[in-house]
Amino acid sequence: MMEDYTLDYRAPLYGRRTAQLQLQPLKFEYIGEFLPYSMEELVKVYGITDGIPLYILKFDPRLNFEDNLKENVFRVGKFLYQEAEILL
C-alpha cells in the first residue's frame with residue numbers, strides 16, 4: 001500500500017527516492033559476534049529472531065539468554081512482545 005501511494009508514477013513523491021537498501025537476514029554463523037552465548041543459546045536466539053538484524057540488536061549482550069527473553073520478548077510493551085502478532 002505504501003509503495004502505491006509513494007512510489008507510483010502518479011504519486012506526489014514519485015522520483016524522489018534516491019536509494020533503497022534491502023537488508024537480508026543475518027546468517028547464523030555471525031550471530032555469535034553480537035552475543036556471547038553458548039551454541040545452544042545462539043540457536044535459540046536465531047529461532048526467535050530469524051536472523052533479522054534489528055531483532056538481534058534488541059538482545060542485550062550483558063544479559064544472559066533467559067533474562068533477555070524475559071526482558072525483550074515476554075515483557076508487555078517491548079518491541080519483540082507483539083512483533084509476531086503484528087507480522088501475522
Side-chain angles (χ1 to χ4, degrees):
M1 180 180 99
M2 290 302 293
E3 286 185 8
D4 290 343
Y5 285 107
T6 58
L7 303 177
D8 188 65
Y9 177 73
R10 297 174 302 258
L13 296 177
Y14 178 76
R16 294 189 185 185
R17 177 177 62 177
T18 58
Q20 181 174 340
L21 181 62
Q22 297 265 337
L23 289 180
Q24 298 299 315
L26 201 62
K27 293 183 180 180
F28 174 76
E29 60 195 76
Y30 300 115
I31 290 183
E33 295 180 27
F34 292 90
L35 300 166
Y37 293 161
S38 68
M39 186 62 69
E40 180 180 337
E41 291 174 325
L42 290 174
V43 169
K44 291 177 184 179
V45 170
Y46 194 80
I48 292 169
T49 64
D50 198 29
I52 306 299
L54 179 61
Y55 296 173
I56 295 167
L57 290 176
K58 297 296 179 183
F59 278 72
D60 186 346
R62 297 171 295 183
L63 299 177
N64 65 32
F65 174 75
E66 301 294 330
D67 289 340
N68 260 311
L69 199 61
K70 291 175 190 173
E71 179 65 28
N72 296 304
V73 179
F74 297 138
R75 186 176 292 247
V76 176
K78 290 294 188 165
F79 182 78
L80 294 174
Y81 179 75
Q82 289 183 310
E83 192 65 10
E85 187 176 329
I86 291 169
L87 290 174
L88 289 175

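Values reported hereafter were calculated over all heavy atoms of this structure, with side chains retained and with hydrogens, waters and symmetry mates removed.
Under the 4.5 Å side-chain contact rule for hydrophobic residues, L80 and F74 share a cluster.
When the salt bridge (charged side-chain N to carboxylate O under 4.0 Å, His left out) test is applied to K44, the partners found at least two apart in sequence or on another chain are E40.
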For residues 48-59, dump all side-chain donor-acceptor pairs below 3.5 Å to protein atoms at least two apart in sequence or in another chain.
residue	atom	partner	partner atom	Å
T49	OG1	V45	O	2.9
T49	OG1	G51	N	3.3
Y55	OH	E83	OE2	2.7

Expected list for residues 28-39: side-chain donor-acceptor pairs under 3.5 angstrom, two or more places apart:
residue	atom	partner	partner atom	Å
Y37	OH	L63	O	2.8
Y37	OH	N68	ND2	2.6
S38	OG	E41	N	3.3

